[in-house]
Every structure is written in structure tokens, then in C-alpha cells.
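Written below as C-alpha cells is the structure these notes are about.
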Amino acid sequence: MLKVALMVMVVLSIALLLFLFYQSQKLLRQTQKQAVQERRQLKGNYQIHPQLAEEQKKLEQMKKKKADKNQ
């Protein structure tokens, strides 16, 4: 009798673990899809750090000066 109860508990534990694994995978996939969707919506709507923006402006000015000198 005790062995049967123990076997039932083991089977139920394994079933519970499989169910929890399935639920976690389901939630993970849902979260990944949501993250991809959010990234698509935010694409192009990002801010550049002010110092980086200044460096980009300086590089563009240098490229213009170099292009003017070559012409």
C-alpha cells in the first residue's frame, strides 16, 4: 500500500513538473513576442547621448570639409 502511494506521488510530481515547464515555456514565448513587438514600435525613436551627437556633428563637418577640398 505504501509503495503504491509513493508511486502515485512520484507520477503526480513528474506530471506537475511537466505542466510547470510547459507553462514557463508558454510565458517565455509570449514575453519574447511582446519584446519583439515593442522593439519594432520603438525602432527609430531613440535618443542619442549629447556628447555622441556632438561627435557625429563634428564628423559630418569634417567629411564636408574634406569633400570640399577634394572638389
Original post:
Is the number of heavy atoms from other residues, nucleotides or ligands within 6.0 Å of CD (Q47) greater than 12?
Top reply: no
Enumerate, atom names and distances included, each donor-acceptor pair closer than 3.5 Å involving a side-chain atom of residues 59-68, sequence neighbours excluded.
none

Original post:
What residue among K33, R40, Q41 forms side chain to side chain contact (heavy atoms under 4.5 Å, CB included) with Q37?
Top reply: Q41
Subject >> Nearest-0.5 Å distance that lies between atom OH in Y22 and atom CG in L18 >> reply: 12.5 Å
Original post:
Are more than 12 heavy atoms from other residues, nucleotides or ligands located less than 6.0 Å from atom CD of Q30?
Top reply: no
Original post:
Nearest 0.5 Å, what's the CG-CG distance between L12 and L16?
Top reply: 8.5 Å
Original post:
In this structure, which one of R39, Q34, Q32 forms a side chain to side chain contact (heavy atoms under 4.5 Å, CB included) with V36?
Top reply: R39
Original post:
CD of E38 to OG1 of T31: how many Å apart, nearest 0.5 Å?
Top reply: 10.0 Å
